[in-house]
Structures are given as structure tokens and as C-alpha cells.
Protein chains: 2
Amino acid sequence: MATLKEVADSAGVPMLTAFQALNQHDTVDEVTRRCVQEAADNLNYTLKITQIDIADLAGVAKGTVSYALNNSELIKPATRQKVLEAAQMLGYHLNISARNLRMNRTGVVGYSWHVADDPSRMNNLLDRFIYRVTMAAEERSFHLLTFVQPQKNADRVYESLISTSRVDGFIISDVTYNDPRIARLTAMRAPFAAFGGMYLENADFAYVDVDGKKGIRLVMDHLLEQGHERIGLLGWPSGWPFGDAREASYREAMRDAGVRIENDWIAYTHNILDSAAMAAQQIMNSKYPPTALVCANDLMAFGAKSYLDSVNLRIPDDVALTGYDDDPTAQFLGITSVHQPIDELAEALFEILLGDINQEPLPNRQIIFNPELVIRRSTR
Amino acid sequence: MATLKEVADSAGVPMLTAFQALNQHDTVDEVTRRCVQEAADNLNYTLKITQIDIADLAGVAKGTVSYALNNSELIKPATRQKVLEAAQMLGYHLNISARNLRMNRTGVVGYSWHVADDPSRMNNLLDRFIYRVTMAAEERSFHLLTFVQPQKNADRVYESLISTSRVDGFIISDVTYNDPRIARLTAMRAPFAAFGGMYLENADFAYVDVDGKKGIRLVMDHLLEQGHERIGLLGWPSGWPFGDAREASYREAMRDAGVRIENDWIAYTHNILDSAAMAAQQIMNSKYPPTALVCANDLMAFGAKSYLDSVNLRIPDDVALTGYDDDPTAQFLGITSVHQPIDELAEALFEILLGDINQEPLPNRQIIFNPELVIRRSTR
DNA sequence: CACTATTTTTGAGACGTCTCAAAAAAAGAT
DNA sequence: ATCTTTTTTTGAGACGTCTCAAAAATAGTG
């Protein structure tokens, strides 16, 4: 296709005039407008400003324009200025696809926010997480592509996204044992960084994590200090490293305190309020009902609280209650919880990923953050 | 750069052998591997399978490959088969960037999921919405780019994304009066489709919506039928079309029922649990406290319920309570709510957007869905 | 079999950018 | 003023795809 300059020449007007004419700008009179339009039609031209047009207008070579726009040190300041002005006048916008093709990168990172048909999709923590990751990405001129992963063969979706050059890398959360996504991405040498991984054996990939064992230990010490001994646990079904770590930490703390755990002090549930309430009921129906209930996250604590309220068990007088994640619900309900430094964590995670994408891996590709106990009226 | 065939020829081996050699496949012996590697190094070749390689292997022209891969009717089935087999053997993956450049589209749609520094970010409805939109997009080979929009000048972010060809169009939610994003996108002729808009005057753009007035009317009629007259409203501060519509509908219903609304039966709050609880308190402290409380969404209803529980007002005996959105919290707490057909709505919205993107606009670009009352124990 | 009509394949070229090696301009040294 | 060094600009070419007009192959017809 023709360039703007060719159109302008053919119509016998300056480039800028041609530009304005095609933009229907009213600084150009009707006659000229029609004339330019005709020239454009003849050359089968549709207005689309490229670096070539800028070069033509500024009177430099197209290579110069590219360098100038990218703030290359090579270019003399005066020239750069000239180019930038021309770009400004023509309202230039870089074409990302062209850059992507040329540079073989996309400036996009993938994150699977949703799992298909997963009913337990209430997760304020991950919501905050993804928000901060997006911010971190955008500050570095990256964007986030969110996609849905199927329950089965999720790794294929990841493979397809990376091998079609749709994304440069991935953020991963909810890592499982022997996670097929990690196996696949590692095999493909595709950049990725995970939220979670410290309690996986031989975790040989980039991750950030918050020490979940430590978090539960904070909770347990707090409760034990207050004299609680019969402490129950509401956890997730095993299979998730972070969940298993929390349970392990609970058990360790009980052992260290010399308290034997009754079987029915522990119940498992998914992130569903109803199930959590039922699980709480189950625990409280123990022959030796606990005086404190530790929940694996705030959603469960909410569910548990509802149950306790419904049977008029007072919190904390009859039963102390704790959650995990410090989400808005726990804040509102006054439930003691554990705060995770999501903001810093997301930032760090993206930095690590970016290093891998740019083939300049950061020295420290595995960072562990400390959780913080937030004591509220549910335990005092 | 060289092609795989050139490398193979230079090394004096068949293409497939060269391919496997470069892949370190162990069907190829050490010597051949090194030989091929050397040839590749000489030609400065790095393995990257393109349509040209497929063409070389299948013995057809590169144009044929493109047609065959895109299931063009032009190509003879036998040829297509040959091409597909070759593609399979070489593990070919389309390069999206190249296609995007050539076709001047991206297969990506933008959606601003988060607003920067917005504290009131708990929205199960939009979470579900975005999940379904993503699904709809992916079923049509599109992807979703999520970005953060600033509180001010959000329209610039939209402009930049579309004019750099980062996305083909947008999904928009939380439309305001005289929304600058809509003005900007309309002026740019950028494709977009909104969730919400039926209660905007002269809404001259593509949207889907659920009739909010009708939804509140369902709630009101339900309450009035049960004999309630003193009905309070927990709403959002005015400025949001959907919020204003809900309030208007409340007022209409009261007027139609011949009930005068006391000033302090209405309170406003953002999507923050604490504020909602306080607003509920305010209303209940009225000289003529309502016997029913209508909330603009389920989050507020949750906040209100907490307050009511805390002062031992029984639901529904002392105060009936309703929410809106039918989210998991309302389901769990047994709060009467209004269900919006998010799943169908998201699907329809994406279809409309796709039509606009493909320059084949659907005949009906504004679709209104009906809400549905879900009665729970908070009102019976 | 020769000729036409139809189907199928071909190969070039364009999309807009970045980057390399080479050329030109400017600055510095003698 | 001439030559050398350094800075700056140039212009071609490649990235991988799709698509057009033209060529080749095949089928159909008398």
C-alpha cells in the first residue's frame, strides 16, 4: 500500500495537509479534502500512521524514527526532538503486533484466574493478588492476559498460549504436588513464576510464598498462650501444599504443647460457606468440643461463625475463632486472622518473572515472606 | 535467517532428521546430531517451525500451507491432509504475532477488572460476569486482557490499548452518566459493549443489561404483599445509573402502595461491609423504624444482617431483609435476593461485541434481561 | 483428442517494526 | 588543510502470516 507522503504528493499538497484532509479536519477546505481523498482512493490508501510517515514528515530515515522513539542513545537530541514532534503532529501510535513479530515477544503475561466449573470461587486473597500483579506488570509496560483453565489437562492450555507466542510467560497460583503445568512449562523452558511452592520438595522453579506453617504457628501460640488446649482445625481436603502445611503446623504446635488431638477436632471442607458451617458443627459435636477453632482461611471462619452464632455459642467466650488471609470479611466480623503481604509479594513475583523472560534471571528466584497475626475480638 | 530445509540440505540429511537432531531427539545418533548442529550454527539458524518448513516438508507452496491450516475450501482434502501431517510431525504452532500483524487484529478483548486504589472491591457478581465473558471469548478463539484503570482519565488507557492494536475491542462495566470512556471509544469508532446502560438516556451503544427497576419491583411487591409498609432502603450514593434506577423503583413502588417514605428510611453506602452495617443502624434508629430493609446488593445485606443480629433484631420476624445479585453470601445467609442471568448475559454481550469487531454488527445490539426473585428465609 | 471451464496450487508481496552493517557527517588531531 | 576517530544517520532486510492474481492441474465437453 501507498504511504501518506505518496498520497500527498499525488494530490499536490503538503503531508500535513493530506493528513488533516483524510482526518476530515475542518482546517482544510472542502475542495482540497475531496482532492486528497481521491488521491488516496486511487492509491488504495487508508490512513494509518506508521514510522515511515513520521520519517517522511521529519525528513529522516525510518530507522532513525525507530531509534528516536525508543530513546536510543545513538540519536542526536535535536533529531529526536524533530521526530517526536512529527509523531505528535500525526498522532502516531506504535503498532504492537509489528513490534511483537519483530522482537519475538509480546509484553503479555498469562494468568489463569478461573478454573472452569469450579464452584468454590470466592477468593478475596487471590483477587487482591491479581490486582497487584496487574499493577506491577503495567508499571513495567506489560499486560495481563487472564484465561480459564480446564480441570483436566490444564497444561495444554498453557502450552498453547506460550507456543503460539500469545504470552511471554505465566503467573501461576494454586500449585499442586507434581503440578503438570510446572512440569510442562519447565520442559518447554517457558518463563513462569508461582505464588506458592516453599512446601514442595525439590521446588526447582521461581516462586514467592508466605510461610504458611509460620502463620498457623502464630495463631496456635496465640491461642495456647490464652490457655486453650482443646483446639479444632477446619482445613482443606489434603492435596494442596499450602493446606497440608497449615495442618502440619497445627499438629506440630499441639504436639509441642503436649496436647493430644482428638480425631473429630479436625474437619475438612472446600471453600464453600455451607460446607464450612457444617464442618464446624461436626467439630463442635465432638465428645470433647474444642474451645477454639482454627480455620484455614477467612471464608471458613465466616462459615464457622455463622454456625456458632446459630447455636448461640459466644465468640470468644465459648469458642475462640481464627481465620487466615485477613480479608474484608474477617475484618468486618472481627475475626482474628493472618495477614499475608500480598502487595510486596506480587511485586516481587513479577520482578522475578520479568528477569526470567528477559533471560536475565534474578539471583534470588525464590522468596519467602513472613505472615503477620492480626488479633481481633474473636480471640480476646 | 535460514530455513530448516536449508540446514538439512547443508548437513546432507532429510528434513525430519535435521528436525529431530536439533530437538536432541535420541532417535538420531550423536554424530548426525553434531553435524546438523554445526550446519545450523553456520547458517545462524535457531529452530523455529514456520509454515515455510511445513511447506518444504509436505512439498507444497507456503501459501498452500496457510490455506490448509485455516481449513480453506480451496484446498483439496488430500493436500490438506498432507499439510496437517507435516505440521504434526514438526510440532508446528502458529505465530499469533505474525497473524495479528498481517490481519490487523489481535483476537484480544480488554476488560478493566480493577480500578486503581478502589477499596470497595468485593464483587462476586462481576467476578462471575468476567468468568463467563472469558469463557465466551475463548470459545470464539478470543482472549481477555485485564487491565487496571485509574480513577481519573481512564479513557486514555482505553485509547492507548486500542490505538496500539493491543486489543480489538472492550467489555465495559460500571457505566456512569456521560461516561468519558464511552465518549472516547465512540469517537474513535472502537468496538465495545457494555454491561449496563438501559437507564441511560440516549444510550447509543451496544449493551446488555438486567432490568434493575423490575428487580427491585419484584422485591417490593413481595414485601408489600406480606403486609410490610415501613420499608427502608440501603442504596449507593447517587451517580451510578443502576443504583439510581433501583432507588427510583423503590420510590415508585412505595408511591404506588400509597406509603409515604420517611427521610431516614433511606441511607447510602459504598460496597463496604462496615459502612453498610452503620447505614443499617442509622435506618433502624428512625423514629418509625422500618419492618423491612431492602438492600441494593447482597454485600450490603450482609452488612445489615450483621448489625441486626448484633442488636438482636430477628430476621424476618422483627425486620425482613433483602439483597440483590444472589451471590454466595446471600445464599448462605438465607437472604432473599434477586438473581441476574449473568451466564446468558455474558454470552450475549460477547456476541454483540464480536459482531462489532468483525464489522458485521448484530441486528439487536441492546439486550435487556429479566431479573428473578429468589425468596429465602429472610422474608418469610 | 482438442478445447474450454473449473478446481487447485503457486509465489510474490505486504503488514509495521527493529537492528545490522555500511555510509555520511561531525569532531578531533596533526 | 588533511587525515583519523567518533558520532550519527541510513537503508535494507527479516520477523511469520495471509491473500491476491496468475499459473498449473484437473475435469468436462463435443
Side-chain angles (χ1 to χ4, degrees), chain A residues 1-6 43-56 58-83 86-87 90 92-107 141 163-166, chain B residues 1-6 43-56 58-83 86-87 90 92-107 141 163-166:
Chain A
M1 205 217 288
T3 69
L4 179 58
K5 185 169 182 359
E6 285 164 24
L43 292 165
N44 193 22
Y45 176 83
T46 50
L47 188 59
K48 179 104 201 260
I49 300 300
T50 74
Q51 295 184 355
I52 297 181
D53 299 318
I54 300 178
D56 287 342
V60 299
K62 65 170 179 164
T64 308
V65 173
S66 177
Y67 284 126
L69 292 175
N70 288 302
N71 289 315
S72 160
E73 293 298 328
L74 286 173
I75 299 299
K76 208 161 53 166
T79 310
R80 187 201 318 286
Q81 192 57 33
K82 218 167 44 177
V83 170
L90 297 175
Y92 170 74
H93 288 281
L94 175 75
N95 183 314
I96 294 276
S97 298
R99 166 182 283 178
N100 290 351
L101 173 59
R102 178 59 228 262
M103 302 188 65
N104 195 26
R105 44 90 92 190
T106 66
S141 301
S163 58
T164 57
S165 295
R166 183 61 94 182
Chain B
M1 204 217 286
T3 68
L4 179 58
K5 183 167 183 359
E6 285 164 25
L43 292 166
N44 192 26
Y45 176 82
T46 50
L47 189 60
K48 179 107 204 257
I49 300 300
T50 73
Q51 295 185 355
I52 298 180
D53 299 318
I54 300 179
D56 286 343
V60 299
K62 64 170 177 160
T64 307
V65 173
S66 177
Y67 284 126
L69 291 175
N70 289 301
N71 289 313
S72 160
E73 292 299 328
L74 287 174
I75 298 300
K76 208 162 56 169
T79 310
R80 185 201 318 289
Q81 193 55 34
K82 216 166 46 176
V83 169
L90 296 175
Y92 169 75
H93 288 281
L94 176 74
N95 182 314
I96 294 277
S97 297
R99 165 182 282 178
N100 290 351
L101 173 60
R102 177 60 227 259
M103 303 191 65
N104 194 29
R105 44 89 93 189
T106 65
S141 302
S163 59
T164 56
S165 295
R166 183 62 94 180

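Quick note on labels: first sequence line is chain A, next is B, and so on, each numbered from 1.
Rounding to whole angstrom units, NZ of residue B:Lys48 and C1' of D:dA14 are separated by 13 Å. Atoms CD (A:Gln51) and C1' (C:dG16) sit 7 Å apart, rounded to a whole Å. Here C:dC15 presents its C1' atom at 4 Å from CG of B:Leu101, a figure rounded to the nearest Å. Whole-Å rounding puts the B:Leu94 CG to D:dC15 P distance at 16 Å. If you measure from atom CG of A:Leu4 to atom C1' of C:dC15, you get 17 Å, rounded to the nearest angstrom. Residue B:Asn104 contributes atom CG, which lies 12 Å from atom P of D:dT19 at whole-angstrom precision. B:Arg80 places its CZ atom 14 Å from the C1' atom of C:dT7, with the value rounded to the nearest Å. Rounding to whole angstrom units, CD1 of residue A:Ile52 and P of D:dA12 are separated by 11 Å.
If you find the closest nucleotide of DNA chain C to B:Ala98 and to B:Pro77, the one lying nearer the 5' end belongs to B:Pro77. For the pair A:Gly59 and B:Asn95, nearest-nucleotide mapping onto DNA chain D gives the more 5' position to A:Gly59.
Across every non-hydrogen atom of B:Leu43 and B:Ala2, the tightest pair is CB-CB, 3.8 Å.
Residue A:Ile75 is in sugar-phosphate contact alone, with no base atom involved, counting any heavy-atom pair closer than 4.0 Å across all strands shown. Contact annotation for B:Lys62: base contact, defined as any heavy-atom pair under 4.0 Å involving a base atom.
When distances run from any side-chain atom of A:Thr50 to the nucleotides C:dG16, C:dT9, D:dT17, the shortest one goes to C:dG16. Comparing C:dT9, D:dT10, C:dG16 by their closest approach to the side chain of A:Ala61 singles out D:dT10.
Under the side chain to side chain donor-acceptor pair (under 3.5 Å) criterion, A:Ser97 pairs with no residue at all, not counting sequence neighbours. Partners of A:Lys76 under the side chain to side chain donor-acceptor pair (under 3.5 Å) rule, at least two apart in sequence or in another chain, do not exist in this structure. For A:Arg99, the side chain to side chain donor-acceptor pair (under 3.5 Å) criterion is met by A:Asn70, not counting sequence neighbours. Residues meeting the side chain to side chain donor-acceptor pair (under 3.5 Å) test with A:Thr79, sequence neighbours left out: none. Taking the side-chain contact (heavy atoms from CB on, under 4.5 Å) definition, one finds that A:Tyr92 meets it with A:Ile49, A:Gln51, A:Ile54, A:Leu69, A:Ala87, A:Leu94, sequence neighbours left out. Remark: B:Lys48 engages no residue in a salt bridge (Lys or Arg N to Asp or Glu O under 4.0 Å) (not counting sequence neighbours). In terms of the side-chain contact (heavy atoms from CB on, under 4.5 Å) criterion, residue partners of B:Ile52 (sequence neighbours excluded) are, by chain and number, B:Thr3, B:Thr50, B:Asp56, B:Lys62.
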Evaluate the side-chain contact (heavy atoms from CB on, under 4.5 Å) criterion for residues B:Leu90 and B:Leu4: first the C-alpha distance (whole Å), next the side-chain angles of each, then the deciding distance (0.1 Å), finally the verdict. CA-CA 10 Å; B:Leu90 296 175; B:Leu4 179 58; 4.2 Å; yes
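Using a 4.0 Å cut-off, some side-chain N or O of B:Thr64 falls inside it from OP1 or OP2 of C:dT10.
Contacts between residues 65-73 of chain B and DNA chain D, defined by a heavy-atom separation below 4.0 Å, involve B:Ser66, B:Tyr67, B:Asn70, listed by number.
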Can you give me the N/O atom pairs linking the protein to nucleotides 24-26 of chain D at distances under 3.5 Å, or say none if there are none?
none

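Taking CZ of B:Arg166 as the reference point, atom OG1 of A:Thr106 lies at 6.5 Å (rounded to 0.5 Å).
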